[in-house]
Structures are given as C-alpha cells and as structure tokens.
Asker: 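Provided herewith is a single structure, encoded as structure tokens, for subsequent inquiry.
Any value given below was found using the heavy atoms of this structure, including those in side chains, with hydrogens, waters and symmetry copies removed.
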Amino acid sequence: MADRMRRGRGIRSWSLRTRITVVATAAVAVVMILGSLAFHAVLAGSIRVATERAAEARAEQIAARVEAEGPRVLEDLDDELVELRAGTTVTAASPETEGAPLPAGDSGDTARYDDEPVLIVREELDDGRELVLAVPLEDDTETLGTVALLLAVSTGAVVLLVAAVTWWVVGRALRPVARIRADVDDITGDRLDRRIAEPPTHDEIAALAITMNRMLDRLDAAATAQRRFVSDASHELRSPLATIRQHGELARAHPDATSLDDLAEVVVAEGVRMQELVDALLLLARLDERAPQRRTSVDLDDLALAEVSRLRAGGSGESEPLTVDGSGITAARVTGDAAMLARLVRNLADNAARHARSRVRISTAVSSDGPWGVLHVDDDGSGVPVGERDRVFERFVRLDEARARDAGGSGLGLAIVRGIAEAGGGSVAVSDSPLGGARFTVTLPAGEEASGLAAPRT
C-alpha cells in the first residue's frame, strides 16, 4: 500500500522544469488572451463609431440633395438602402430596397435586413419628411472576424513559443544541477575525497557547487579526524590492556618472577590510566555534542589558587620540585560550569608542570577590553613552536615524541581545555612566555561581580 502511494505521488509530482514551464506558459497565455479580448473590444468600438459617423455624414449628404433636387435623387442610388418617409408612408426609395421597407428603429440602432446586419441612420428634412439610411455591417463583421482569427493564431503561436523557450532555457539552466546531483549521489562515506566539478558560469549554480565542495571538505576533514581519533583511542586503550595481559601471562608462566603485590600494582596503575583516558574521551564526546552546561558565577582566582597549592604540594606527579608562582592571581569572576572550569585549570597546570624546567606561574585578571576573565599559565620549558601552536590543541597530539608516554600524557588534556573554553563562550591560545617557555591564555566571559582591582593573592 505504501509503495503504491509513493508511486502515485511520483506520478503526480512534476519536475521543476515542468512546473516552471507550465507557470510561465499559463501566465503568458492569460496575458495574451486578456490582451487580445481587450484589443478586439476596442477595435470593434472604434469601427462602430467610424461606421456611424460615416453613415450620418452620408445621410446628411443625401438629405441635402433630396431637398435641392427632389426625391428623384434616390433612383440614382443603386448600391445604397435609402427611403424617404412622410410619417409612416414611404414616398420614395432607392432601387436596392426592391420595394421592401427598411426595418424600424432609432438612429444608431442595429437591425437585420435581408438576413444581414445593418446600421439604421435617420435624418429629418426641413419639410418634416425623414430620410432613412441602412448601412450594411457585413464588411465590419468580416474585418473583426479576420482580426479575431489573427489574434487567436498569434496568441497560440506566442504561447507555444514561450513554452518551448522556457522548457529549453530551464532545462539548460538545470543541466548542471543534474550533474551535481549525479556527482553527489556517487559520493559515499569512503569516497569523501571526491569533489563536484564547478561550472565556469559564476552564477547561482556555480555558487551551489562551490558550497557543496566546501561542505564535502568539512565532511572529509571531520571523517579523517574521526578515523584518526578512533585509531589513536584504540591504540591508547590497547597499551594498558597489553601491559596488564603481559604481566598476567608472566605471573602465570613464571610465578617466581613476580609477586602478587607487583601484579596488583601494575593492574591498578594501568586501570587508573585507562579510567582517566575513558573519562577524557567521554568528556570530549560530551563537548562535541554541545551538551548543555550549568552556567554560574565562578571565582577563577579560587580555582587558580587551588592549583597553585596542589602543585606546591607535589600534586602534579613530578619528581623534581617546582617553583610555583601565584602572585599574579587577582580577583576574577567568570561565568561557566564550575566543574568544567576546574578541569580546564588543572589540565593547564599539569601541562605546565610537565614541561617546565623549574618554574610555573599562574595568574588571573579581568580584561580591560571588555567583560572577560583571563587566565595565564606560564612555564620555563622549551615552549611551543609557532607552526605547532594550533595543532597542539588537537587530540592525541604530543609534540615531543621522544618523551615517555607517562610523562607526556595521553594527548587529550589541551584538547579538553579548548573544548571547555569554547563551550563556555571563550577561547584559548598559546604564545611565548616571559619565563622563556610557553604561555597558555584562556579568555572566558566575566561574571557580574568580576573585578581586576583586588590585591594579588598568594
């Protein structure tokens, strides 16, 4: 039943080319028909007025001759229908009447005489008699009939010409659309590298092709990033699983080579690593889906101070002590999700501690350019090359491939930082630090009571 309904809709539906042709042809046909009717009506009125005037002039001329020469004048009018009446009595008539009286009627009326339409014109003489002239309208009728035929033929020809030209022009205009549709129909998920041929017409069709290619570029980039992300994620998850399996097989094959405590330590460490990786992946997936976040006023300086205290206590996991400077932290209230912003500050602090040689500095402020809260995290490490400053925020990117995986992290921390910042309406960038390493700057929408005038907090 559903298939039959779909086929029925397909049969009843018209293509765009057909619809445009039908609408254009119908519009031209209506205009041509109304114009032809109006022209025919105006022409008929003009011919009638001209005929009446000519008949009245002729009646006056004949009446003048009758008054001057007498009724015998009518005998010389062979091709005209004329009568001279005294009251209701016909006193004289032209030979064309053949003794049959002319029809009665007022001057200007149309009547039939000998089965032919005639125009009646009356002219009174000075002695009270009346001259009646009947003018045949056969020529006028034939003229109007010829004009009507020509108008009908020309209207049909114009309508057919408009239909043919519209069909051809629309078909030619839509031909590139058909090619685009065919090209797009051939593009599948594994062939996103293909592109649509852009017509050199520089019109809306060309703009459509350009837009489609841009969309395909975005889809191709997204698909490539997704494949790379899945590959990197599977590789990251495979490593701890392989480590756990390797130690498990070693403990089973050589019980004396390892102890239960050693095996448990490896399993717990790799399990924590897997849990952190899965949590990071879930957080990134949530950020990608633009999931709604709780937006409240958050003291950015409090989050920064908490990270300063943690790093000073050795919470970064670094074996060598670091000098952590928090003197640049001033009151800065921003709007966002408190838990997400805490994760953002922690990731930047851990990243700075991981790459610093000996010093890390965290500072907060309120921007003077507008209602923005600003977080700076500096380190004295090797910095980030200019050409890598955008790529460093991509997922699973580690600029120092020679560094151990445990020291270098999973490569998701900075990606999470950018995702949280952008989800909250802010941004993150990396530049050169006054300490000699890298400076990560996060800009976030300021809260209602943000102020940068408070004294530094350490």
Side-chain angles (χ1 to χ4, degrees), residues 221 224-225 228-229 231-233 235-236 276-277 280-281 283-284 287-288 300 303-304 307-308 310-311 315-329 340-365 367 369 372-424 426-444:
T224 302
R228 184 172 62 249
F229 178 75
S231 176
D232 292 339
H235 177 73
E236 295 290 337
E276 292 177 350
L277 181 59
L281 292 174
L283 178 56
L284 285 172
L287 293 173
D288 288 341
L300 186 62
L303 301 180
E307 290 305 313
V308 169
R310 186 178 66 88
L311 292 181
S316 65
E318 296 296 315
S319 58
E320 298 182 3
L322 290 173
T323 300
V324 183
D325 182 5
S327 61
I329 298 177
M340 290 288 189
L341 294 179
R343 179 68 177 267
L344 178 149
V345 178
R346 171 159 294 194
N347 284 5
L348 287 179
D350 288 342
N351 181 76
R354 186 180 302 119
H355 295 88
R357 293 188 178 93
S358 60
R359 294 185 61 193
V360 172
R361 183 166 65 192
I362 301 176
S363 59
T364 59
S367 174
D369 298 335
W372 299 97
V374 180
L375 169 71
H376 295 296
V377 179
D378 298 273
D379 65 70
D380 62 348
S382 59
V384 179
V386 176
E388 302 289 343
R389 288 180 179 176
D390 185 63
R391 197 173 73 90
V392 74
F393 294 104
E394 297 179 4
R395 301 170 185 183
F396 296 110
V397 170
R398 301 184 186 87
L399 300 184
D400 188 359
E401 296 295 342
R403 191 165 49 243
R405 186 174 302 275
D406 290 339
S410 64
L412 294 177
L414 295 181
I416 292 174
V417 168
R418 181 169 67 176
I420 295 175
E422 293 179 351
S427 62
V428 60
V430 59
S431 58
D432 293 329
S433 170
L435 301 181
R439 160 173 281 189
F440 286 85
T441 302
V442 178
T443 304
L444 298 167

Asker: Any side-chain heavy-atom pair from Leu303 and Glu307 closer than 4.5 angstrom?
Answerer: no

Asker: Using side chain to side chain contact (heavy atoms under 4.5 Å, CB included) as the criterion, point out the one residue from Val345, Leu444, Val428, Ile329 that pairs with Leu375.
Answerer: Val345

Asker: Of all the heavy-atom pairs spanning Val308 and Gly326, show the shortest one and how long it is.
Answerer: CG2-CA, 4.2 Å

Asker: Val442 pairs by side chain to side chain contact (heavy atoms under 4.5 Å, CB included) with which of Val374, Val377, Leu348?
Answerer: Leu348

Asker: Under 3.5 Å, side chain of Arg439 to main-chain N/O of Asp432, donor-acceptor pair present?
Answerer: no

Asker: Could you tell me which non-hydrogen atom of Ser363 sits nearest to which non-hydrogen atom of Gly328, and how far apart they are?
Answerer: CB-O, 3.3 Å

Asker: Within a strict 4.5 Å, meaning less than it, do heavy atoms of the Asp350 and Arg310 side chains meet?
Answerer: yes

Asker: Nearest 0.5 angstrom please: Ser327 OG to Ile362 CD1, how far?
Answerer: 11.0 Å

Asker: Specify the closest pair of heavy atoms between Ala352 and Asp378, including all atoms of both residues, with the distance to one decimal.
Answerer: CB-O, 4.3 Å

Asker: Within the side chain of Asp380, is there an N or O that forms a donor-acceptor pair under 3.5 Å with the backbone of Arg359?
Answerer: yes

Asker: With no hydrogens and no angle check, is any side-chain donor or acceptor of Arg389 less than 3.5 Å from a backbone partner on Ser431?
Answerer: no

Asker: Show the numbers, then the answer: is there a side chain to side chain contact (heavy atoms under 4.5 Å, CB included) between Arg418 and Asp390?
Answerer: CA-CA 11 Å; Arg418 181 169 67 176; Asp390 185 63; 4.0 Å; yes

Asker: Below 4.5 Å, heavy atoms only, C-beta onward: do Thr323 and Ser358 meet side chain to side chain?
Answerer: no

Asker: Measuring from Asp379:CG to Arg357:CZ, what's the distance to the nearest 0.5 Å?
Answerer: 9.0 Å

Asker: Run the numbers on Ile416 and Met340 for side chain to side chain contact (heavy atoms under 4.5 Å, CB included), then give the verdict.
Answerer: CA-CA 9 Å; Ile416 292 174; Met340 290 288 189; over 6 Å; no

Asker: Of the non-hydrogen atoms in Ala356 and Leu322, which two are nearest, and what is the gap between them?
Answerer: CB-CD2, 4.3 Å

Asker: Side-chain contact, heavy-atom cut-off 4.5 Å: Phe440 with Val417?
Answerer: no

Asker: Can you tell me how far NE2 of His376 sits from CZ of Arg361, rounded to the nearest 0.5 angstrom?
Answerer: 9.5 Å

Asker: Please report the interatomic distance CG(Leu311) to CG(Asp325), rounded to the nearest 0.5 Å.
Answerer: 12.0 Å

